[in-house]
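Here the structure is laid out as structure tokens; the discussion comes afterwards.
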Amino acid sequence: MTHQVIQQLTAERAMTVQQACKLLGVSRSGFYAARQRTRQPPTVCGTRIRLRSVFEATGRSYGSRRLRQELAEQGIEIGRHRVRSLMRELQLKPIWKPKFVHTTDSNHALPVYENVLNRQFEQREASRIGFS
């Protein structure tokens, strides 16, 4: 908004760009950068599309480091922090899969008790409990 006001003031020759920027508290370089941005048409970033496709192809589990490496293998040179910001912008969050944990330790020196009950779980005939 302020850049448009500065543009109008300078177009009407009411003030110079330097005076208008000082009055509105905007840096001159910021004004010129904003003016340059409005002149350029927005570009469709093919990197975003490729990043999303690689992310989906890897099972949504890759983070910025591994995604950057995958993109580099495909010939797209991009920095890790740029990948991070694109992931944030595209709302791509990796899903961490829980690691398999062994809960039984069969290799131990503890005493193993013998089978005192010695139960046999073989049925001699079908039971008819609850049915008449």
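Note that this is a predicted model, so its numbers are computed, not measured.
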pair [X]-[Y]: side-chain heavy atoms closer than 4.5 Å:
| X | Y | answer |
| --- | --- | --- |
| L110 | V112 | no |
| S61 | R66 | yes |
| Q19 | T16 | yes |

Pairs touching residues 78-104 that satisfy salt bridge (charged side-chain N to carboxylate O under 4.0 Å, His left out), sequence neighbours left out:
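Non-adjacent pairs meeting salt bridge (charged side-chain N to carboxylate O under 4.0 Å, His left out): R48-E89.
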Looking only at heavy atoms, what is the nearest atom pair of P94 and G63, with distance?
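It is CG-CA, 4.3 Å.
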Please find the pair of heavy atoms, one from G30 and one from S27, that lie closest to each other, and give the distance.
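It is N-OG, 3.0 Å.
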Set of salt bridge (Lys or Arg N to Asp or Glu O under 4.0 Å) partners for R60, sequence neighbours left out
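Salt bridge (Lys or Arg N to Asp or Glu O under 4.0 Å) list for R60, sorted by chain: E56.
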Could you list the cluster mates of [X]? Members are the ILVMFWY residues connected by side-chain heavy atoms closer than 4.5 Å, either directly or through other members.
| X | value |
| --- | --- |
| V116 | none |
| W96 | none |
| V83 | L51, V54, F55, Y62, L67, L71, I76, I78, L86, M87, L90, L92 |
| F31 | V5, I6, L9, M15, V17, L23, L24, V26, Y32 |

Please identify each residue that fulfils ring-ring contact (aromatic ring centres under 6.0 Å, His included) with F100, with sequence neighbours left out.
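Listed in chain order: H102.
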Going by ring-ring contact (aromatic ring centres under 6.0 Å, His included), name the residues that satisfy it together with H81, two or more places apart in sequence or in a different chain.
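With sequence neighbours excluded, H81 shows a ring-ring contact (aromatic ring centres under 6.0 Å, His included) to no residue whatsoever.
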Can you name the side-chain contact (heavy atoms from CB on, under 4.5 Å) partners of [X], sequence neighbours left out?
| X | result |
| --- | --- |
| L117 | N115, R119 |
| A34 | H3, R37 |
| E73 | Q69, E70 |

What pairs with R50 under side chain to side chain donor-acceptor pair (under 3.5 Å), at least two apart in sequence or on another chain?
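Side chain to side chain donor-acceptor pair (under 3.5 Å) check on R50 returns Q74.
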Heavy-atom count around N118 CG within 6.0 Å, excluding the residue itself: above 12?
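For N118, atom CG is crowded (more than 12 foreign heavy atoms under 6.0 Å).
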